[in-house]
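See structure below.
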Protein chains: 2
Amino acid sequence: MATSPSAALAAGRRRSTRQGAAIDEALAAADGFRTAQALHDELRHQGQAVGLTTVYRHLKRLAEDGAVDVVVRPDGEAAYRRCGPSSSGVPEEHHHHLVCRTCGYSVEIEGPEVEAWAHRVAADAGFTDVSHTLEIFGECGRHERPYVDTVSQ
Amino acid sequence: MATSPSAALAAGRRRSTRQGAAIDEALAAADGFRTAQALHDELRHQGQAVGLTTVYRHLKRLAEDGAVDVVVRPDGEAAYRRCGPSSSGVPEEHHHHLVCRTCGYSVEIEGPEVEAWAHRVAADAGFTDVSHTLEIFGECGRHERPYVDTVSQ
DNA sequence: ACAAGTATTGACAACGGTTGTCAGTAGCGT
DNA sequence: ACGCTACTGACAACCGTTGTCAATACTTGT
């Protein structure tokens, strides 16, 4: 109790469930992006078993609500991360990520100039309804964390 | 046609086949990105039947050789496009794309500033072995072309 | 506290894109 | 022409993700 439980879920008229809270917590505990399956594994190992389908459903909803950021990795798999301080209900500002290829650790980055550039380029070419994806990948060099991923183990 | 068949395939010690040439031509005729399946369909309709597996194989190889650019769409599907004038064997310079969401039409774009910015940001955060993805999507507003896609038909 | 109504759950099947398999085919050097 | 072997392609297997639907458990009204 204490600190109003399911604070992050209390967005509105949704029912708060054990599973939802567990997913929320796991997401909060993660310091970076996690795939649905990785999240499912973590929950499993923590004893908080949640169906894979349920994990996908929550992630999808959270993504729609703008509560989590989604990154599509080069191999086509999607990874999620809790978006900023959030819980305020107000979608975060547009931003991108610097993601560690190995452990998923990520940093939010903003580049107003880049945003402007992208729109200018698109407009110059006569494109409308413009959007863009921009993610920077690299090695953070300090992933000591026992990160369980889909990769190995 | 136009003499010197498989000009673009003549990279080295590879056998030139009817299928390979067909894929190459279709890729050359396309004015934008195509998914493997879309390409397969086009070839089929042109009477140049080629196995889907073969299309995937060629695309994969071409991508490895740097002969085609690959874009992973938000839904996780991959789309390919012949890379620049190419055929020289020398991989194109690093660049990105402005892609029409509807017809696949695309324009290559370069942004030295953005590249520099991306690397600077990553370096500042202590990341190494940096790479990035950047694609701009929009509506080109003039896709009159009878584009056959996986969507319909 | 209890009952009723309905969102949520989760095991399982289905789906769509992509890759592995492997016998048959066809370039290419000799 | 011959033989070697890369290439081909129908098909099955994979894998991430979504649909299905009966069972479950939040919530609200009483």
Side-chain angles (χ1 to χ4, degrees), chain A residues 1 4-6 9-24 26 33-44 47-65 68 70-80 104 149-153, chain B residues 4-7 9-24 26 33-44 47-65 68 70-80 104 149-153:
Chain A
M1 46 159 70
S4 54
S6 70
L9 259 187
R13 63 290 193 205
R14 296 223 170 85
R15 288 186 185 176
S16 83
T17 63
R18 173 183 71 76
Q19 293 86 340
I23 292 175
D24 236 50
F33 282 88
R34 294 290 133 95
T35 61
Q37 320 237 16
L39 223 37
H40 179 246
D41 274 5
E42 283 183 24
L43 288 169
R44 248 185 165 305
Q48 280 285 9
V50 176
L52 180 57
T53 306
T54 300
V55 173
Y56 271 108
R57 253 189 308 239
H58 272 266
L59 249 21
K60 190 179 181 183
R61 175 176 301 173
L62 290 172
E64 285 169 354
D65 291 356
V68 298
V70 186
V71 162
V72 177
R73 308 197 311 194
D75 66 335
E77 194 173 1
Y80 307 79
D149 199 349
T150 53
V151 181
S152 61
Q153 212 272 332
Chain B
S4 60
S6 69
L9 259 187
R13 63 289 196 209
R14 297 227 167 85
R15 289 184 184 175
S16 83
T17 64
R18 171 182 72 75
Q19 293 87 338
I23 292 174
D24 237 50
F33 283 88
R34 294 290 132 97
T35 62
Q37 319 238 18
L39 223 36
H40 178 246
D41 274 4
E42 282 182 25
L43 289 168
R44 247 184 166 306
Q48 281 285 10
V50 176
L52 179 57
T53 306
T54 301
V55 174
Y56 271 108
R57 252 189 309 242
H58 273 266
L59 250 20
K60 189 178 181 185
R61 175 177 302 171
L62 290 171
E64 284 168 355
D65 292 355
V68 298
V70 186
V71 163
V72 177
R73 307 197 311 192
D75 67 334
E77 193 174 0
Y80 306 80
D149 198 351
T150 53
V151 181
S152 62
Q153 213 271 331

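Chain naming here is simple, since letters A, B, ... match the order of the sequence lines and numbering starts at 1 in each.
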From C-beta outward on [X], which listed nucleotide comes closest to its side chain: [options]?
X	options	value
B/Val50	C/dC12, D/dG9, D/dG16	D/dG9
B/Thr54	D/dT8, C/dT18, C/dG10	D/dT8
A/Tyr56	D/dT8, D/dT18, C/dT18	D/dT18
A/Thr53	D/dT20, C/dT18, D/dT8	D/dT20
B/Arg61	D/dT17, C/dT18, D/dC7	D/dC7

[X] [atom1] to [N] [atom2]: how many Å, rounded?
X	N	atom1	atom2	value
B/Gln48	D/dT8	CD	C1'	14 Å
A/Leu39	D/dG16	CG	P	14 Å
B/Lys60	C/dG17	NZ	P	18 Å
B/Arg34	C/dG17	CZ	P	16 Å
B/Gln37	C/dC15	CD	P	15 Å

Using only side-chain N and O atoms of A/His40, determine if any of them is under 4.0 Å from OP1 or OP2 of D/dG16.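 The answer is no; no side-chain N or O of A/His40 sits under 4.0 Å from OP1 or OP2.
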Looking at A/His58, I'd like to know whether one of its side-chain N or O atoms comes within less than 4.0 Å of OP1 or OP2 on C/dT8.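 Checking C/dT8 against A/His58, no side-chain N or O comes under 4.0 Å of OP1 or OP2.
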Between B/Leu62 and B/Asp24, does the side-chain contact (heavy atoms from CB on, under 4.5 Å) criterion hold? Intermediate values first, please. CA-CA 10 Å; B/Leu62 290 171; B/Asp24 237 50; 4.2 Å; yes
The criterion is side chain to side chain contact (heavy atoms under 4.5 Å, CB included); which residues satisfy it with [X], sequence neighbours excluded?
X	value
B/Arg61	B/Arg14, B/Asp65
B/Leu52	B/Gln37, B/His40, B/Tyr56
B/Val71	B/Phe33, B/His97, B/Glu135, B/Phe137
B/Val70	B/Ala63, B/Ala78, B/Tyr80

Considering all heavy atoms of both residues, which atom of A/Leu39 and which atom of A/Ala26 are nearest to each other, and what is their separation?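 Minimum heavy-atom contact is CD1-CB, 4.1 Å.
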So do A/Thr35 and A/Arg73 actually touch side chain to side chain, heavy atoms under 4.5 Å?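 They are in side-chain contact.
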Inter-axis angle, terminal five-pair segments of the helix from C/dA1-D/dT30 to C/dT30-D/dA1 [nearest 10°]: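 Helix axis angle between the two ends: 30°.
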Any N/O pairs under 3.5 Å between the protein and nucleotides 27-30 of chain C? List them or say none.
residue	atom	partner	partner atom	Å
C/dG27	N2	B/Arg15	NH2	2.8
C/dC28	OP1	B/Ser16	N	3.1

Considering residues at least two apart in sequence or located in another chain, which fulfil the side-chain hydrogen bond (donor to acceptor under 3.5 Å, both in side chains) criterion with B/Arg18?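 Expected list: B/Gln48.
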Taking for each residue the nucleotide of DNA chain C with the nearest heavy atom, is it B/Arg57 or B/Tyr80 whose nucleotide lies nearer the 5' end?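 Its nucleotide being nearer the 5' end, the pick is B/Tyr80.
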What distance separates A/Arg34 CZ from A/Glu42 CD, expressed to the nearest 0.5 Å?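 So the CZ of A/Arg34 and the CD of A/Glu42 are separated by 5.0 Å.
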